[in-house]
There are 2 protein chains.
Amino acid sequence: MTDNTLTIREMCDTYDVTPRTLRFYESKELLFPIREGQKRLFTKRDRARLKLILRGKRFGFSLEQIRQLLDLYDAGDQQQVQLERTYELARERLADMELQRDELNQAIDDLTEQLKWGERIITPSKQNKKAAE
Amino acid sequence: MTDNTLTIREMCDTYDVTPRTLRFYESKELLFPIREGQKRLFTKRDRARLKLILRGKRFGFSLEQIRQLLDLYDAGDQQQVQLERTYELARERLADMELQRDELNQAIDDLTEQLKWGERIITPSKQNKKAAE
DNA sequence: CATCCGCTTGACGTTTACGTAAGCTGAACG
DNA sequence: CGTTCAGCTTACGTAAACGTCAAGCGGATG
């Protein structure tokens with residue numbers, strides 16, 4: 001029981017995912033729970049990987065990209081070249097995200113302006129402004 | 001011919017989208033090209049809307065969300081009630097966007113940290129860090 | 001023993017945003 | 001006139017990331 005592995009349900013509760021999701025990730029070779037008979041037991045490694053998966057998703061990586069990153073990460077003592085490649089990818093992604101954030105801020109400002117504009121139309125009781133075009 | 005409308009192909013070339021995409025957007029009521037016989041003619045309004053659509057997509061909005069925003073942008077001579085409803089939607093969208101921006105910022109910070117971390121592993125020429133755990 | 005519980009493996013369903021192919025039409029070209 | 005070209009409609013296909021059954025299994029419980 002205290003052997004440091006978690007059942008699928010415990011995983012779900014801990015990380016707020018569904019069983020289906022965990023099985024799906026296993027089928028995609030993102031996780032490798034061991035089997036005790038039929039049942040899956042998720043090790044510490046699986047938990048670490050799941051955390052990375054979930055974070056990766058927040059970053060906007062696809063599961064396939066995440067798998068590749070995990071593989072590289074896993075091969076910790078591999079070629080520097082590959083590691084560098086990994087960080088290169090990550091930096092590209094980061095640049096993307098920053099760009100996206102800036103555009104998003106712009107859009108937020110735009111929309112905020114629109115809303116101010118709209119309130120001037122709405123609040124005066126029943127003013128019609130048909131002549132617009 | 002210089003009547004200020006574009007054919008579907010001209011639209012595609014100008015905005016780098018496929019005909020399928022434009023027809024799709026029309027079917028989703030994002031664009032309203034006029035018909036000359038069978039053919040679609042895209043007006044200035046359609047072009048403005050398309051620009052907004054493409055921008056919205058870069059922000060990560062769904063087409064449905066974009067449609068709602070577009071409705072807001074040109075809700076001209078509508079009823080107050082509907083207008084208020086529209087602005088309500090817009091404010092919800094805005095809240096969504098701000099949330100999204102915050103999450104994005106969080107992710108950016110996280111990833112930035114990760115990258116710092118990674119550089120310490122990469123840059124020292126061939127240092128193995130197997131003893132980490 | 002019957003039943004329930006948690007878990008398992010298929011396998012089909014869902015959504016979004018189009019791609020792609022089939023078959024038709026009207027205008028234009030040689 | 002035949003063909004090409006651009007465009008049209010209809011409709012099935014696709015990828016990602018799971019959701020949602022259906023059916024079955026081993027263990028615990030009353």
> How close or far is atom P of C:dC7 from atom CG of A:Leu22, stated in whole angstroms?
Replying inline: 11 Å
> Think B:Lys28 has a side-chain N or O under 4.0 angstrom from the OP1 or OP2 of C:dT15?
Replying inline: no
>> Just N and O in the side chain of B:Arg40: are any of them under 4.0 Å from OP1 or OP2 of D:dC8?
In response: yes
> To the side chain of B:Thr7, which of C:dT8, D:dG7, C:dA17 is closest?
Replying inline: D:dG7
>> Using OP1 and OP2 only, check whether a side-chain N or O of B:Ser27 sits under 4.0 Å from C:dC18.
In response: no
> So which one's nearest nucleotide on DNA chain D is more toward 5', A:Lys39 or A:Thr18?
Replying inline: A:Thr18
> What is the distance, rounded to the nearest whole Å, between atom CZ of B:Arg9 and atom P of D:dC8?
Replying inline: 10 Å
> Could you give the CD1-to-C1' distance, from B:Ile53 to C:dT16, as a whole number of Å?
Replying inline: 15 Å
> Quick one: which of C:dC18, D:dT9, C:dT8 gets closest to the side chain of A:Arg35?
Replying inline: C:dT8
>> How many whole angstroms separate atom CG of A:Asp13 from atom C1' of C:dG6?
In response: 13 Å
> Counting only heavy atoms not in B:Glu98, do more than 12 fall under 6.0 Å of its CD?
Replying inline: yes
>> Just by distance, no angles: are the side chains of A:Thr43 and A:Asp46 close enough, under 3.5 Å, to form a donor-acceptor pair?
In response: yes
>> If you define the side chain from C-beta out and look only at heavy atoms, does anything of B:Glu29 sit under 4.5 Å from B:Leu70?
In response: no
> What is the distance from CD of A:Gln65 to P of D:dA15, rounded to the nearest Å?
Replying inline: 16 Å
> Of all the nucleotides listed (C:dC18, C:dT8, D:dC8), which has the minimum atom distance to the side chain of B:Gln38?
Replying inline: D:dC8
>> Nearest to the side chain of A:Ile8, heavy atoms from C-beta on, is which of C:dC7, D:dA17, D:dC8?
In response: C:dC7
> According to a strict under-4.0 Å criterion, is A:Tyr25 in side-chain N/O contact with OP1 or OP2 of D:dA17?
Replying inline: no
> Can you tell me how far C1' of C:dC18 sits from CG of B:Asp16, to the nearest Å?
Replying inline: 14 Å
> Is A:Glu26 paired with A:Arg23 through a side-chain N to carboxylate O contact shorter than 4.0 Å?
Replying inline: no
> Taking atom C1' of D:dT10 as reference, at what distance in whole Å does atom CZ of B:Phe24 sit?
Replying inline: 15 Å
>> Do A:Leu41 and A:Ile53 land in one hydrophobic cluster if side-chain heavy atoms of ILVMFWY residues count as linked below 4.5 Å?
In response: no
>> Quick check: any donor-acceptor pair below 3.5 Å linking the side-chain of B:Arg20 to the base of C:dG19?
In response: yes
>> Does B:Arg23 reach a base, just sugar-phosphate, or nothing at all? Heavy atoms under 4.0 Å.
In response: base
> For B:Glu10 and D:dA6, what is the distance between atoms CD and C1' respectively, to the nearest whole Å?
Replying inline: 12 Å
